[in-house]
Amino acid sequence: MSSEAASSEAALGAMSGLRVIDLTRVLGGPYCTQILADHGADVIKVEPPAGDEVREWGPPFHEEDAAYFVGINRNKRSIGLDLASEGGRIVLLKMLETADVLIENFKPGTLEKWGIGNDVLSKKFPRLVHCRICGFGADGPRGGNPGYDAIIQAMTGMIAATGSPESGPMRIGVPLVDITTGLYAAIGILMALSERQRSGKGQFLETTLYETGLAIMHPHTANYFMHGKPPSLTGNEHPNLVPYAIFPTKTDDIFIGVGNDGTFRKLAKEIGKPELGTDPRFARNKDRIANREALRAELAAVFSQHEAEPLCNRLLAAGLPAGPVQKIDQALTNPHTIARGDIIEKDWYKGVASPIRLDRSKPSLRRLPPKFSQHSQEVLGEFGYSKAEIDAMVEKGTVCGPERKR
């Protein structure tokens, strides 16, 4: 391949040439496939006749699609397909003939009930990487149970470890389990594709919300394994580090996070209180933990004399961990956000760019989030179906037209 051709291919994205059949709905799966789509994968989003339910999770809406859907489904093509029908499954199998990845989040046992479980798919398509996202997995006491982000937060200790003594246990304000499950699924797919280069074989992988919830409970799980005590509610404080918390200033709140003793001494010097760095109560992290409230009072007195933005700018420039507590509008319009190109736009669409920044194979915004079954004619035509055949399947209800079944 010439250098010019290689450069052109890289410009299409690192996942260019990868075909992904996406049967997922809601958040974890679509989040995963948007990662792949942003980097060039051909993601065909196969929706049930009622559509992905998050299309209705609004307001706000763009036309009939909620912002919740719009935010995680760019760069994909949509086809509505009734997989509960034999005809729909025949179409799916046709699509899988040229697919690299199948990702789904059906309840374990659903595909098996339809006669297209992994035992069938792995024999029919030996190079296929089949990824399943589900709540608890297929086995164990809760095998097959549905999973929901907040419920998994509750069940894995996340809610019990979040909040203050005043607030009580609290749900984390973003769907962290769903999103991280999507990230783990994307990593697992890339691992399976890498292994396929050596073995020539695809494989089945399962990513569950429950295991994800447990996996991201660091450092609480590590602490528990070490001393056998569940975490207490510390609010914005860190269980293992001090200072690591919110402090008020003359204007806005700031967050200070100190990871070691040297950094604390540097912070003390930078804020004009070098004696704090050598004070026996604060010299080592374990001392600062034992005297948490006394140190908080000392630092709060200093920070109350400063404005948030200039103080944080000065501390960050000195290599110290500090940042203003910003609302989402401030974060999205921040000069650094703009300078880094973190907001992407096309026609009516605006979103946050992929944070995966490869040197040559750059992500891109090629397609707006699709309308329901917007690409059924286009996609099925690529798989050899004639217009008459497609129209007949639409008439029968196997393939969906632009109208969803409510």
Side-chain angles (χ1 to χ4, degrees), residues 157-170 172-174 176 215-327 330-331 334-337 339-340 355:
M158 206 170 292
I159 287 178
T162 305
S164 67
E166 294 75 26
S167 70
M170 295 189 70
I172 295 173
V174 295
L176 187 62
I216 61 177
M217 278 296 290
H218 185 80
H220 301 301
T221 50
N223 289 345
Y224 178 78
F225 288 141
M226 187 71 70
H227 59 41
K229 301 174 185 176
S232 58
L233 294 176
T234 57
N236 291 307
E237 304 274 350
H238 196 289
N240 294 66
L241 296 171
V242 172
Y244 204 99
I246 288 177
F247 293 88
T249 70
K250 286 173 68 174
T251 52
D252 299 305
D253 289 343
I254 64 172
F255 202 102
I256 300 291
V258 170
N260 58 61
D261 298 337
T263 299
F264 178 68
R265 288 192 292 272
K266 187 175 180 180
L267 172 67
K269 183 178 180 180
E270 189 67 30
I271 64 174
K273 298 283 285 187
E275 65 274 15
L276 294 179
T278 55
D279 189 315
R281 298 173 297 167
F282 312 134
R284 294 179 298 177
N285 185 63
K286 66 178 184 178
D287 302 322
R288 294 193 293 276
I289 289 177
N291 297 283
R292 186 188 297 263
E293 293 306 318
L295 180 57
R296 166 171 276 282
E298 292 276 3
L299 294 177
V302 175
F303 296 147
S304 66
Q305 304 303 309
H306 295 269
E307 294 184 354
E309 192 77 21
L311 174 62
C312 288
N313 288 342
R314 179 161 61 84
L315 294 178
L316 283 169
L320 291 164
V325 178
Q326 299 184 140
K327 295 180 180 178
Q330 294 172 299
N334 186 278
H336 189 76
T337 302
R340 292 280 296 173

*Determine whether the aromatic ring centres of Y244 and F255 lie less than 6.0 Å apart.*
yes
*Report yes if some heavy atom in the side chain of L311 is under 4.5 Å from a heavy atom in the side chain of E307; otherwise report no.*
no
*State whether the side chain of T337 and the backbone N or O of A331 hold a donor-acceptor pair below 3.5 Å, judged by distance alone.*
yes
*Between the side chain of R314 and the main-chain N/O of E270, is any donor-acceptor distance below 3.5 Å?*
yes
*So, does Q330 use its side chain to make a donor-acceptor pair with the main chain of K327 at under 3.5 Å?*
yes
*State, with a plain yes or no, whether a side-chain heavy atom of K250 is found less than 4.5 Å away from one of S304.*
no
*Please step through side chain to side chain contact (heavy atoms under 4.5 Å, CB included) for the pair V302 and K273, ending with a clear verdict.*
CA-CA 9 Å; V302 175; K273 298 283 285 187; 3.7 Å; yes
*Measure across P321 and T263 and return the closest heavy-atom pair with its distance rounded to 0.1 Å.*
CD-CG2, 3.9 Å
*Between OG on residue S164 and CG on residue N236, distance to nearest 0.5 Å*: 8.5 Å
_side chain to side chain contact (heavy atoms under 4.5 Å, CB included) assessment of I172 paired with V174_ = CA-CA 6 Å; I172 295 173; V174 295; 4.1 Å; yes
*When rounded to the nearest 0.5 angstrom, what is the spacing between CG in L320 and CD1 in I256?*
8.0 Å
_For V242, is there any backbone N or O sitting under 3.5 Å from a side-chain donor or acceptor partner on R288?_
yes
*For P243 and F264, which heavy atoms make the closest approach, and how far apart are they?*
CD-CD1, 3.8 Å
*Mark yes or no for whether K266, through its side chain, and A318, through its backbone, hold a donor-acceptor pair below 3.5 Å.*
yes
*Any chance you could lay out the side chain to side chain contact (heavy atoms under 4.5 Å, CB included) test for V258 and L241, step after step, and finish with the verdict?*
CA-CA 7 Å; V258 170; L241 296 171; over 6 Å; no
*What pair of heavy atoms forms the shortest contact from H306 to T249, and how long is it?*
O-CB, 3.2 Å
_Polar side chain donor-acceptor pair, N285 to N260, under 3.5 angstrom_ = no
*From CD1 (I271) to CG (L315), nearest 0.5 Å*: 8.0 Å
*If you measure from the Lys or Arg side-chain nitrogens to the Asp or Glu carboxylate oxygens, is any gap between R296 and E298 under 4.0 Å?*
no
_Nearest 0.5 Å, please: how far is CE in M170 from CE in M158?_
15.0 Å
*Would the number of heavy atoms belonging to other residues, nucleotides or ligands and lying under 6.0 Å from NE2 of H218 be above 12?*
no
*Which value, rounded to the nearest 0.5 Å, describes the distance between R281 atom CZ and L295 atom CG?*
8.5 Å
_Inter-residue atom distance I289.CD1 - E237.CD, 0.5 Å rounding_ = 10.5 Å
_Closest non-hydrogen atom pair between P239 and P219, with its separation_ = CG-CG, 4.4 Å
*asked:* Could you check whether any side-chain N or O of N291 sits under 3.5 Å from a backbone N or O of D287, counting only pairs where one atom can act as donor and the other as acceptor?
replied: yes
*Between M217 and G157, which heavy-atom pair has the shortest distance, and what is it?*
CE-O, 3.4 Å
*Which heavy atom in G323 sits nearest to a heavy atom in C312, and how many Å separate them?*
C-SG, 3.4 Å
*So do I159 and P169 actually touch side chain to side chain, heavy atoms under 4.5 Å?*
yes
